[in-house]
Amino acid sequence: MCWLVALLIYQPKCMPSMRRVILILLWTTDLVQPKLPPAAEVQLLPPVNFTLTVSALAQVLLHWKPNPKQQQRNYTIRYDVKILSPVPEEYDTGRTYSIQAVALHNGFSACLRTLLLHDGLQLSSEWVKEELPPLPGAPETSATNLSCVTHLSTSSTVSLHCSWLPGPGAPEDTKYFLFYRYEMFTEECQDYIQDKWDRSIECRIPVTHIDAEGLDQLIVIHINGSSNCAAIKPFQQLFNQNAIERVNVPRNVSVVLEQNDLLATWEKPISPFPKECFEYEFYLFNWKSGNKQISKISSNSFRSSIDVTSRYSLRVRANHHICRPRGVWSDWSEILSVGQTKLEDPTVWILTVLCVSMCCAFLLAAVICKMNHLWSKLFPPIPTPSNKFRDPFSNIYERAQTCTSETETELGSLAEDLCCSALHDSVF
Ligand SMILES: *[C@@H]1O[C@H](CO)[C@@H](O)[C@H](O)[C@H]1NC(C)=O
Ligand SMILES: *[C@@H]1O[C@H](CO)[C@@H](O)[C@H](O)[C@H]1NC(C)=O
Ligand SMILES: *[C@@H]1O[C@H](CO)[C@@H](O)[C@H](O)[C@H]1NC(C)=O
């Protein structure tokens, strides 16, 4: 009977109906068990020796002891842990320690109290508080805008690539160092890429201890630094392994034309995730109309009826959104092209235009030459002295000319000229 009671009280979040059951059982056991004092009479004391210890990078161990002055009875004692900073959180535990993975560069503070559940009542002690100071360093010298991606290689190892910006207050001689922690492995980056002042701003770790099949594990990044002019404040950030995993490119992408259809197929990227986890983005470009089309696909193929007179370019990329909602899209696959008109290369275009215009110029030149030749054949120059026929118009012309020369000297006006010639014309 007694063990049953204890078991039921131990359930911290019993439903109200369950509590009623407990009370009835307590009442029935009253006759055989020594009576527990009423809850109000129990004095609840806070835990002692509450300590915070940094047990690994961005990991703090909260540890305490039950208050030795607390009456040792059959009560169920639990502890209420309230984290105040950097990220507020409250939970209760029956143990006397708790481990938290959290960025510690801005310090850490937490409160703790004893809880007692008895007679359907919850009693609590005073709070005790502990804190860790912020990591030392001058303000604004920390690395900022940190971003990381992981990548699974063909040899089933996971690489890590991070980049960041030097803090606005970081002196020009700042050297940054990046460390990552995955479970109990902590390692420093060996391969940095520098900015123009030789401050490292990027790091690649080709082979890490990150488990490709780990689910929702944390990757802790710690960046500290050194400078002769200032103390560089460290910076920490925690990443969910699956949220930053960059998916590999889909493999063996191929495309064929089947009558009026374009059929593209590909294989799942290298990944521990099964085929069903993947979603693809398929990009299709029509060279003739200039239309771009991006389709989301969950299968490993794409079929579409196309304009057979046009050329198409396509590429595909992958994500495992279906199994891990926050992953990073893969790179695009190599561009593949199918269809007829081959216009994609601008140099081909320029050469074509040049060639056509040169041909046209030649043709034009040839035509002009030919035309001149023909013209001279059709209308040979008229040798005036050998003109056998008297042209009546030439007569008029001659007279008109004489008239003109006469009137010009007299009146000097074109209007008069015309008038004059008209007059002469009408006369003859
Ligand atoms: C708490 O810490 C003090 C000093 O470190 C120690 O003497 C004492 O025994 C500890 N109390 C408990 C209950 O462990
Ligand atoms: C860096 O991060 C800050 C705040 O998160 C943002 O305002 C800023 O635009 C970022 N800088 C760059 C260069 O991305
Ligand atoms: C940077 O952090 C690592 C890991 O905590 C530590 O071993 C190293 O001494 C630190 N370096 C500097 C310059 O603070």
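We're numbering straight along the sequence, starting at 1. Below, all heavy atoms of this structure are taken into account, side chains as well, without hydrogens, waters or symmetry copies. Ligands are counted one by one from 1 in listed order, and the atoms in each one are counted from 1 as well.
In this structure, atom 2 (O) of ligand 1 has protein heavy atoms in its sub-4.0 angstrom surroundings. Distance remark: protein heavy atom not present below 4.0 angstrom from atom 9 (O) of ligand 3.
By the 6.0 Å and 45° rule, Arg315 stacks over the aromatic ring of Trp332.
Using the six-membered ring where Trp is involved, Phe185 and His209 have ring planes that are parallel, under 30° apart on the 30 and 60° scheme. Between Tyr192 and Phe177, the ring planes lie perpendicular to each other; the angle is over 60°, past the 30° to 60° tilted range.
Contact annotation: Pro234 has no heavy atom less than 4.0 Å from any atom of ligand 3. Heavy atoms of His222 come nearer than 4.0 angstrom to ligand 3 in at least one pair.
With ligand atoms numbered from 1 in the order given, ligand 3 contributes 13 (C) to contacts under 4.0 Å with heavy atoms of Gly225. For ligand 3 and Leu57, the ligand atoms under 4.0 Å from any heavy atom of the residue are 5 (O).
Protein heavy atom in closest approach to atom 12 (C) of ligand 3: Asn224 ND2, 3.3 Å. Scanning all protein heavy atoms for the shortest distance to atom 14 (O) of ligand 1 gives Lys65 NZ, 3.3 Å.
In this comparison of Phe177, Phe179, Tyr176, the heavy atom closest to atom 4 (C) of ligand 3 sits on Phe179. When the heavy atoms of Asn49, Thr51, Val48 are ranked by distance to atom 11 (N) of ligand 1, first place goes to Asn49.
Separation of the His320 and Trp329 ring centroids does not fall under the 6.0 Å cut-off.
At a cut-off of 3.5 Å, with distance as the only test, a side-chain donor of Trp287 or Ser313 sits close to an acceptor on the other residue.
Disulfide status for Cys162 with Cys189: absent, SG atoms not under 2.5 Å apart.
Side chain of Thr141 to backbone of Ile232: no donor-acceptor contact under 3.5 angstrom is found.
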